[in-house]
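Model, not experiment: these values are computed from the prediction. We're numbering straight along the sequence, starting at 1.
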Amino acid sequence: MSDMILDLSDDAKEYGRQALRAFEAAGGDQLVQQAESKPEDRAALVEPVLAGLGAFELDPRTDTDGLEAAAALCRSAGYWALPYPVAERLSAPSGLDVDGLVVVSENRPSAPLAGLESHWAAVTLTGRCSSVTSVGPAGAGFVTELELSALHADRAADVALGLVLPSWTLLGMLDRALELTVAHVSLRKQFGQTLSSFQGVQFQLTDAEVERSGVDILAKYALWSIGAGRPEALDDALALRLAALEAAEIVFRVCHQLHGAVGFCDETTLSWLSRYSQPLRRLPFGLSATRDRLTRAVGGHGLTGLYT
């Protein structure tokens with residue numbers, strides 16, 4: 001993976017398409033609604049599907065093909081707002097007897113782990129690693145505060161993957177939000193014309209698509225950076241997260257504006273996507289805090305990039 005290739009392999013893309021179909025066959029948009037009513041059932045709803053896809057056999061840490069397949073799977077999970085921390089499961093570190101890894105803030109560490117009985121590790125941006133000993137009551141988006149027990153291990157090398165794969169999940173949500181909105185404005189009429197025919201609507205959709213496609217490219221770059229073992233991988237992961245959060249602000253704002261009030265109703269898929277994008281956008285830290293951490297990391301020398 002030393003040569004920069006701005007696309008996933010054909011096998012990884014096909015794996016992502018198979019995952020999309022498998023999640024749809026398992027219930028599609030109904031999965032998140034079922035899980036919200038019974039968070040303790042969400043593992044039973046999703047894990048058999050993931051097992052059938054061979055997701056738990058993927059090795060994104062040492063295998064290039066596995067890394068690309070993991071990214072494609074996370075994107076497909078985001079597309080359906082899958083009520084399960086797929087990216088966090090795939091980020092499980094080697095050498096620890098845990099099922100997954102969550103990147104957490106130093107203060108009030110939280111993660112969308114409510115209702116799951118798996119064994120988890122948590123790591124801060126500095127690499128301080130802990131085991132999750134218990135979780136608090138479930139909040140919105142399955143988020144719960146975590147009780148941690150420190151482990152005598154520096155897992156700084158695990159942080160980049162733990163930030164990048166959830167960004168692929170968020171990218172899948174942006175894919176779906178724009179797809180739903182394009183379909184909506186192509187059907188709805190105003191003054192005898194479809195909304196999609198109005199220039200103002202086209203400009204808004206173009207702005208949103210530019211943001212989404214930018215995240216698409218940066219996500220592939222950050223994935224390559226991890227696979228190539230670059231020392232700047234964490235900087236690239238933070239840059240991807242910042243871009244994904246900025247894009248999410250614009251994409252969901254445009255999509256909600258063009259849907260109108262119905263976009264906030266449970267009857268529309270956009271409402272569920274928007275709601276379940278919030279944990280990804282706010283944890284382990286939100287837009288301002290991500291910008292601050294990236295600035296502190298690279299402010300003196302800037303991002304390395306391809307041509308430095």
Check against salt bridge (charged side-chain N to carboxylate O under 4.0 Å, His left out), Glu147 and Arg108: CA-CA 9 Å; Glu147 290 190 14; Arg108 294 185 64 186; over 6 Å; no

Looking only at heavy atoms, what is the nearest atom pair of [X] and [Y], with distance?
X      : Y      : value
Tyr79  : Leu273 : O-CD2, 4.0 Å
Leu294 : Asp235 : CD1-O, 3.8 Å
Ala248 : Leu174 : CA-CD2, 3.8 Å
His256 : Ser274 : NE2-OG, 3.0 Å
Ser271 : Cys265 : CB-O, 3.1 Å
Pro284 : Ser105 : O-CB, 3.4 Å

Sidechain-backbone polar pair: [X] side chain, [Y] backbone, donor-acceptor under 3.5 Å:
X      : Y      : result
Thr144 : Gly136 : yes
Arg155 : Ser130 : no
Trp80  : Leu20  : yes
Thr268 : Val262 : yes

Counting only heavy atoms not in [X], do more than 12 sit closer than 6.0 Å to its [atom1] atom?
X      : atom1 : result
Asp266 : CG    : yes
Arg296 : CZ    : no
Arg61  : CZ    : yes

Assess the residue pair Phe23 and Leu73 against the criterion (side-chain contact (heavy atoms from CB on, under 4.5 Å)); give the C-alpha distance rounded to whole Å, side-chain angles, the decisive distance to 0.1 Å, and a yes or no. CA-CA 10 Å; Phe23 297 146; Leu73 179 62; 3.8 Å; yes

Could you tell me the separation between the CG atom of Leu125 and the CG atom of Leu238, rounded to the nearest 0.5 Å? 5.5 Å

Carefully, step by step, assess Arg253 and Asp207 under the rule salt bridge (charged side-chain N to carboxylate O under 4.0 Å, His left out). CA-CA 11 Å; Arg253 186 188 71 230; Asp207 287 343; over 6 Å; no

Please assess Asp216 against Lys220 for the test side-chain contact (heavy atoms from CB on, under 4.5 Å), listing each intermediate value before the final yes or no. CA-CA 7 Å; Asp216 190 331; Lys220 293 166 184 172; 2.8 Å; yes

Under the side chain to side chain donor-acceptor pair (under 3.5 Å) rule, collect the residues that match up with Ser277, sequence neighbours excluded. Arg281

Could you walk me through whether Thr133 and Leu148 pass the side-chain contact (heavy atoms from CB on, under 4.5 Å) check? CA-CA 6 Å; Thr133 55; Leu148 305 178; 5.8 Å; no

Side-chain contact, heavy-atom cut-off 4.5 Å: Leu242 with Glu246? yes

Measure from the ring center of Tyr84 to the ring center of Phe142 and say whether it is less than 6.0 Å. no

Test side-chain hydrogen bond (donor to acceptor under 3.5 Å, both in side chains) on Ser110 and Glu145 and set out the steps. CA-CA 4 Å; Ser110 303; Glu145 290 194 27; 5.0 Å; no

Taking the inter-plane angle between the rings of Trp272 and Tyr276 on a 0 to 90° scale, is it parallel (under 30°), tilted (30 to 60°) or perpendicular (over 60°)? parallel

Under 4.0 Å between a side-chain nitrogen and a carboxylate oxygen: does that hold for Glu36 and Arg275? yes

Within 45° cone of Phe56 ring axis and under 6.0 Å: Arg89 NZ or CZ: yes

Does the pair Tyr15 and Glu68 meet the rule for a side-chain hydrogen bond (donor to acceptor under 3.5 Å, both in side chains), with working shown? CA-CA 10 Å; Tyr15 183 67; Glu68 293 190 1; over 6 Å; no

